[in-house]
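The structure appears right after this line, and notes come after that.
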Amino acid sequence: MASLNDIRSTFLDFFERNGHRRVDSSPLVPRNDPTLMFANSGMVQFKNLFTGLEHRDYSRATTAQKCVRAGGKHNDLDNVGYTARHHTFFEMLGNFSFGDYFKDQAIPYAWELLTKDFGLAKDRLLVTVYHTDDEAANIWKKVAGLSDDRIIRIPTDDNFWRMGPTGPCGPCTEIFYDHGDKIWGGPPGSAEEDGDRFIEIWNLVFMQFEQFEDGSMKPLPNPSIDTGMGLERIGALLQGKHDNYDTDLMRALIEASAHATSSDPDGPGKVHHRVIADHLRSTSFLIADGVMPSNEGRGYVLRRIMRRAMRHAHMLGAADPVMHKLVPALVRQMGAAYPELARGQAMIEETLKGEETRFRQTLDRGLRLLSDELGRLPEGADLPGETAFKLYDTYGFPLDLTQDALREQGRGVEVAGFDAAMAEQKAKARAAWSGSGEAKDAAIWFELADRHGATEFLGYDTDEAEGVIQALVIDGAEAATAGEGASVAIVVNQSPFYAESGGQVGDTGLIKTETGAARVTDTRKSGNLFIHQAEVTMGHLDRGQGATLSVDRDRRGAIRANHSATHLLNEALRAALGEHVAQKGSLNADDRLRFDFSHGKALSPEELAQVEAEVNAIIRQNTPVETRLMAPDDARELGAQALFGEKYGDEVRVVSMGRREGSAKGSNNDTYSIELCGGTHVSRTGDIGAFVLLGDSASSAGVRRIEALTGQAALAHLRDAERQLSEIAGLLKAQAGDVVGRVKALADDRKAMQNEIAQLKRQLAMGGGGAEAAPKEINGIKLIARRVDGVSGKELGALADQMRQGLDSGAVVVMAEDNGKATVAATVTPDLAERLGAVALVQAAVAALGGKGGGGRPDRAQGGAPSLAAAEAAIAAVERLIGESA
Ligand code: SER
């Protein structure tokens, strides 16, 4: 018996043999479609090839595409477990032509594969075509020899395929398998078509048009082919089963579920096992593709599926979490075809286990409340909406989980009551908020968040994505359009732009639509709403348009490196300085990082060097950076660094990186840094490149601040230092290695020269070249009185002394101006100290200069004055005093 893995290969091999490129499945979260929650068919990743927007180096492709139908337009969740062919996760096999071949080749390929490679009996097959599509009908007749009654014309949308309200579309032909008259049901188009006798196995879409928002349709540049065949269905058929859950792959998962819960796979818990097997696939693949359980958007769909499965596991009587134990079985079945599953295994197991552990804490109590409530209701009555809301709000029961639980008893939920209770809660939140006194202009953001819900952040995995413009806000008011030159705040349903928080700056980049482009200069958050602050640079942007959002990649790369390095710095500081180091603030910008932390004194050069070296050592380990979601308490237990006083939700993102040197690999506490963090990070520590500390300074009392650079900026900084050094070496005509010695020698030389210059200046002031200044004789006393220039106030006394040495008896008065201040110094030989007094001489000169005072000893005195403008008068005053002395 061919396994599902064999059947997948047969399909892909067939088309590869026929000139098709084998292309990997795209991730479940579409990168190129703003309206789609999950990839739900094979053509999603090729959407832009059909419309001619994008070209690749192949025009034929074949894929096995991962699909999830559990939210949005195609939602199969409610039926899963109870029917033979509903899944939340399935694989769609497809072949595609992008303007290459069309109907006349697509139909023969399909016929050949089904009847030759898969060996299906020709007389069991019949087809439908769109009622006007004679061309397709004729090809079927010619290629397959089908009689007219086995080519059924369908006039409805069943044979006109659309991916959604917009996008490529076209008429299709569907191939059905007839299980024979032992099974009830009629051919497609008949009143009994919903029976199980005729099963659709393959849909071939003739992509011919593009549908636009206004309802109009334009022909595609080149008619194309998109086919889709559910692997589980064709697998069931080829394995002679009627139920997809009886195929080898699904059966292995069901048996794993039975084993883990010690129950019979086909016993009374059969539905539970089927739900678990299906939901194991969708949840594991979603987690592997980066979706994390949350209360919004895709994360909430994931959570709903997880919790639905967990309730079914609980119904099987499992006392402990079950889902994570089944992951190895899934990896065994599908890990070879989808390597991301094996790569993400640890993360998938951990996420499932965490969610199940937490959900179990409220599940029992919620179920008890539910059964008490049902006991009070009349037989068969629906559950009141408020009770369903209480289960949602208090016990974490998504509405569909409650509905699923009631389904087993043939009851439903009063959904209107549930919606009303939800609306009332929102109104209360709004009232509480309006009373909180926040700035008025924030009202518009609250209003928008209320209307559109949270912005979904896609930027952990991608820096480009598509979104729908939900609102444009210009000068605080909503606008339908924003024209060229407008400064506008743009709100979209999903965005790769990081909105400033936790110290990480907001992203910048570009938002483009069909009619214009805007440059995003900053991204902020108001609650969970992202606000892209932008300038329209070209054309105009309209509300409701689809937009391509591209983050400035290089800038984001630099921000990531700085943010990851900040985590390493935090840890390295604790290692170097002690456990008292706690984060007090941080900035993760594109050009640098800043980290404030509690520590009492400046870091020594040795401490700085140690911290820098340790961060660089972890960078060189180049180990993967891991991100997980867990309950805050679990995160703390793990030793995660959290910000004191920060409010964390039910779940926190935990970022771990680096390995502690010397610890055994795999030991529990060998992770270097573990922090709660919502920011974006490098994939491996090596991506940080390099780390350079710029030094530390005081930020506030008891808080130090470190600034540092990483990657390109670190390199540029080092290069710049290097360039300066070599320039200095060039100026010194020395080798770089000799620069320090040379600069020291220069500094010593300079000091010696300064001393020499001072000495020379003094000599010059005394009359130059050491020649004695000639004294004047007044009243029998020899006097040298003069203004000297270029001598500082400090040196003036010494100069006066020196000049006096040439006199056996006499007086010297010198004055000099320096730095806008005049100084007068006087000295007399000891024999005159009594009679004349240096102090009196200084005071006379100072007074004449317009100053006051002066003092010292009888033989040496000094004083200050505002300037030497009246130097002549000062000398005259001194001469007068000497002339009058007795
Ligand atoms: N897009 C079509 C479908 O989903 C064929 O692949 O059925």
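Numbering of residues begins at 1 and proceeds along the displayed sequence. What you are looking at is a predicted structure, and each value in this text was computed from that prediction instead of being measured. Whatever order the structure lists them in is the order used to number ligands and atoms, beginning at 1.
R85 pairs in a salt bridge (charged side-chain N to carboxylate O under 4.0 Å, His left out) with only one of the listed residues (D196, D243, D194, D246), which is D196.
Against a heavy-atom cut-off of under 4.0 Å, G228 is close to the following atoms of ligand 1: 5 (C), 6 (O). Residue-ligand proximity, M43 to ligand 1, at heavy-atom distances under 4.0 Å covers atoms 1 (N). The ligand atoms of ligand 1 that sit less than 4.0 angstrom from a heavy atom of V205 are 2 (C), 5 (C). For ligand 1, the atoms closer than 4.0 angstrom to any heavy atom of D226 are 1 (N), 2 (C), 5 (C), 6 (O).
Using a 4.0 Å cut-off between heavy atoms, M92 contacts ligand 1 through its side chain alone, with no backbone atom that close. The part of T227 lying near ligand 1 is the backbone, judged by heavy-atom distances below 4.0 Å.
Closest protein heavy atom to atom 7 (O) of ligand 1: N203 ND2, 3.1 Å. Protein heavy atom at the shortest distance from atom 3 (C) of ligand 1 is W161 NE1, 3.2 Å.
At least one test fails for R21 against the ring of Y58: distance under 6.0 Å to the centre or angle within 45° of the axis.
For the residue pair N5 and S3, no side-chain donor N or O sits within less than 3.5 Å of a side-chain acceptor on the partner.
The aromatic rings of F102 and F206 sit perpendicular to each other, their planes meeting at more than 60°, with 30° as the lower class boundary. Relative orientation of the H179 and H242 rings is perpendicular, given thresholds of 30° and 60° on the angle between their planes.
With respect to R407 and D78, no salt bridge is recorded, no charged nitrogen being found less than 4.0 Å from a carboxylate O.
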